[in-house]
2 protein chains.
Amino acid sequence: MADTQRGYHHGALKAALIDATLILLKEGGIEAVSVREAAKRAGVSPGAPFRHFPSRAALLNAVAEEAMVRLTMQIDQALTQAASLSPLERYRALGQAFLIWAFENPHHFQVISTRAVIDFEGSGLRAANDKIRCQMRQLLNDAVSSGELVGISVEDALLSTRALAYGLARMNIDGQLQSWDIKSGDYLGLAQHLINEQIDRLKR
Amino acid sequence: MADTQRGYHHGALKAALIDATLILLKEGGIEAVSVREAAKRAGVSPGAPFRHFPSRAALLNAVAEEAMVRLTMQIDQALTQAASLSPLERYRALGQAFLIWAFENPHHFQVISTRAVIDFEGSGLRAANDKIRCQMRQLLNDAVSSGELVGISVEDALLSTRALAYGLARMNIDGQLQSWDIKSGDYLGLAQHLINEQIDRLKR
DNA sequence: ACCTGAACACCGTTCAAGT
DNA sequence: ACCTGAACACCGTTCAAGT
């Protein structure tokens, strides 16, 4: 974008590299991302990216942080819309927001979820992730306090919801949903339905 | 193993390469696997592996097929032991067997689950995977027939069990379980507990 | 039939030198 | 301050030539 690369200096190379990385990601998944190719797409020499990112992992990290921002926005927006609902219904809204984000931005989800390729600790990733977990826990605790949920372990419910949502999203990007559901092709709808059922089952 | 590489010809290069690949996998995950390094470890030139495997993906495929054999064995053994139990209890035994395999052989699980790196179609992988799904479906159908389960969708139950187990196993290899459960460190035990709870919930 | 070793087109990363 | 371009040590893969 806007890379009117008119001279020796690029001007907005950092952003251009992140854009190019996202394009490579969409073209061929995470292993198709190379610093050299991103540099070429940005019209710059192979060494240039290393002025802005210390490593390939750091470049992918930047994409991951962008992805996390979008996920956080999607969740915050869903929670705002659901503000008047009961705690468990807000929990449901949060789960649905995660699924929508993961299925509509599969490459972003792939980058965020594949540790080894990013530096999850440093940066804002860990903090943002923890914040989401805290929001989930808070909602479940509220649901217990209000009597909406009874006789459940909040930690167990939390992790099994998260693991189910994560599993569905991962099966989607790992090409495993394709072989399960021959019919509609509406994998997001199917995933949303299963999470809904699981949350319903928490109520007994 | 047994690679008394005494001359120009190796003798058991194919097996030696698969062994070396598994070691590389254990050392540094899937992206640490290189054909050249496997060749070096097997004491052979960089081009030699291509007499036995047409590509890096094919080499990883061979590891994946070995992994699938072990998974199938683990499941068959669990089902044999549970032969006298009710259909739903056999379903539970199958789920537990999957979790044990995935948590005790994380690198095997990683290779099998990461499409893009292997050729899941060709080979016996697809067939073995389909067989497991059929076994699961059969058990759930039997549980419905015998009245052990009522008022559930077999397809939904099937996929949500699978997605939960897959999600837990993936969170384990993606390093995401570490940040959730600070206590015991017994991630397999935790995963088994959550699957048990989910299966219990199917009974209402 | 199986393996070598050079070759090709790629990588990530570094670093002097240019602007 | 930012970028180039050559360099290094790696890749996957091919292929003539050796045994």
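Here is how names work: the chains are called A, B, and so on, in the same order as the sequence lines, proteins then strands, and each is numbered from 1. Keep in mind that what you see is a predicted model, and the values were worked out from it rather than measured.
With sequence neighbours excluded, no residue forms a salt bridge (charged side-chain N to carboxylate O under 4.0 Å, His left out) with E148(A).
Distance CZ/R201(B) to CD/Q198(A): 5.5 Å, rounded to 0.5 Å. Note that CD1 of I18(B) is 12.5 Å distant from CG of L25(B), once rounded to the nearest 0.5 Å.
Of the residues listed (M136(A), Q96(A), Q138(A)), the one engaging Y91(A) in a side-chain contact (heavy atoms from CB on, under 4.5 Å) is M136(A), and it is the only one.
In this entry the distance linking CZ of F53(A) with C1' of dC3(D) reads 15 Å, nearest Å.
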Pair D76(A), K131(A) - check salt bridge (charged side-chain N to carboxylate O under 4.0 Å, His left out), show working. CA-CA 11 Å; D76(A) 287 347; K131(A) 187 193 154 207; 3.8 Å; yes

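A salt bridge does not link R70(B) with E65(B): every distance from a Lys NZ or Arg NE/NH1/NH2 to an Asp or Glu carboxylate oxygen is 4.0 Å or more.
In this structure, F98(B) has its ring center at least 6.0 angstrom away from the ring center of F103(B).
No side-chain donor-acceptor contact under 3.5 Å links R92(B) to the backbone of I199(B).
When the side-chain nitrogen and oxygen atoms of H52(A) are compared with OP1 and OP2 of dA1(D), none of them lie within a distance under 4.0 Å.
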I need a per-nucleotide contact map over nucleotides 11-16 of chain C, read 5' to 3'. Cutoff is protein heavy atoms under 4.0 Å; write B for the base, S for backbone only, - otherwise. BBBB-B

Here DNA chain D, pairs taken as Watson-Crick or G-U under 3.5 Å and shown with ( ), [ ] when crossing and | when to another strand, reads ||.|||||...|||||.||

